[in-house]
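In what follows, a single structure is set out as structure tokens and then discussed.
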Amino acid sequence: MKYNCLFIGAHPDDLEIGTGGTIAKLRQAGHSVRLLIMTDDADPGAAKQRRVEAVAAASALGLTASDVSFLGLPDGRLRCDPESVGKVRDVVAQFNPDLVFTHSSADDHQDHRATHEISQGAVRKCPRLYYAVVNHLVTSSFSPKVFVDVQAQWPSKLAALDAHTTQANRINRENIERHCRGFVRTCGIGLAEAFEFDLPIAAEAGSTVLSSINDSPFHKLWSSLIATGPLYLIFSIPVSRAVREFSWPSHADMDGIALFRKTVDLQWPEGRSIIEECRCDTPVAEEAIKCGNVLLSGGPISNPMTRTYFNYFEGVRYVNDHTMPDFRNVSILDRKTGNRIKAAYVADANGTKTIERDIGNLTIMKNPCNPAHTLVAVMGIHGPGTVGCYKVLTQPTLISQLLQICEMPFRGRGFQILLNYDVYKGEPSLIPESLHVID
Ligand SMILES: [Zn+2]
């Protein structure tokens, strides 16, 4: 699909600073790109020069002069009023954008904030993405959720910045680069342009367009798994025991759920509305597993949905197993070989066992109860292994490793993979040779 992408900036150079890499990337991908610059300098000579620079910058990003429009409103005195909104609305009506990029409101320049408001007033039918102009950014208020990988477009972006020769002293390339490198911990992308986002009610269909430009590995993985929401997170209830056998808290897997929620908050454009959380021992959980997208959390001891459903799914090779009636000697049973895979423990002087290494059992498959939906199951022999599975499903480098081992979209009905979880380091490592394709 080819999209019409409209980029709105208050001044010449704002677009190159905030979203130059994305402009070049979308153009290279064959999308139709239009730049709209709201204001002109009050001095006619300067205004003319800056328009020339804007066109030269656009050309460095792969555009031509006809892709750049100027509204000629007054620099420094831009206001959101019927005139300015009307002018942008005319451009929107003519270009019919599928995506609109404009200034973030987390900005201390009044023209930038006015452009943000004007764009909101003028664009109602498609997703709006908000970029940061570093020298005016109010960092504490900027909360991007869409990340575009612009490593390949970085030289074009720099060339576009260079084209603004009259602004050479004002454009701080170091700050721009530091800003774009700053999202690596969130999304794992070395140089990213990051965008806040909102979706007007008339534009809900636009979320697919948005997914196609979002390079966040977390978003890519999960949007391929849950094309249609919501995701029912069926969480386990720890069993209470008279005598504790392990020093690790029995609700450790809640740490994994917390990590998942946090990652959704930071990287899922629509936010946590995608998740419906339900306790494993409720009718809602049973309904969900029968018909929806499910994230099944925890093994058969603490999660009755794992015990009654998952452990009986056809084609599943690894299941968590235990002795009855005391729910002890927990292990992962490999149904293919009959082997039991165990965690590694150390005991202190009182005989209390601590887990050194747990095993996580990660399953991603079509929901056997309703193959139109996906079932993801995360379970350790103990809680830490479950946390390890959540890390694999949320952290960018681990997601990349998972995708290298397992084909996505997955073949057949899905797959299972085991991981070692070093409890002291808090690090999971996938075990490639354990990969089981569920045909
Ligand atoms: Zn500006």
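Order of listing sets the numbers, starting from 1, for every ligand and every atom in it.
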(request) Please tell me if the side chains of I213 and V209 come closer than 4.5 Å, counting only heavy atoms from C-beta onward. (result)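 Side-chain contact under 4.5 Å: no.
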(message) Within the 4.5 Å heavy-atom criterion, are H219 and P269 side-chain neighbours or not?
(response)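 Answer yes - side chains close enough.
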(request) Among E177, E193, E16, find the one that has a side-chain hydrogen bond (donor to acceptor under 3.5 Å, both in side chains) with K157. (result)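 Exactly one option meets the side-chain hydrogen bond (donor to acceptor under 3.5 Å, both in side chains) with K157, and it is E193.
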(message) Only N/O/S atoms count here: what is the atom of H112 closest to the Zn ion (ligand 1) called?
(response)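 H112's closest N, O or S atom to the Zn ion (ligand 1) is named NE2.
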(message) What is the name of the N/O/S atom of H11 that is nearest to the Zn ion (ligand 1)?
(response)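 Atom name of the closest N, O or S in H11: ND1.
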(request) Tell me whether D14 has at least one N, O or S atom under 2.8 Å from the Zn ion (ligand 1). (result)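 Within the cut-off used here (under 2.8 Å), D14 does place an N, O or S atom near the Zn ion (ligand 1).
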(request) Would you please classify the geometry between the F101 ring and the F195 ring as parallel, tilted or perpendicular, with 30° and 60° separating the classes? (result)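 Geometry flag for F101 against F195: perpendicular rings.
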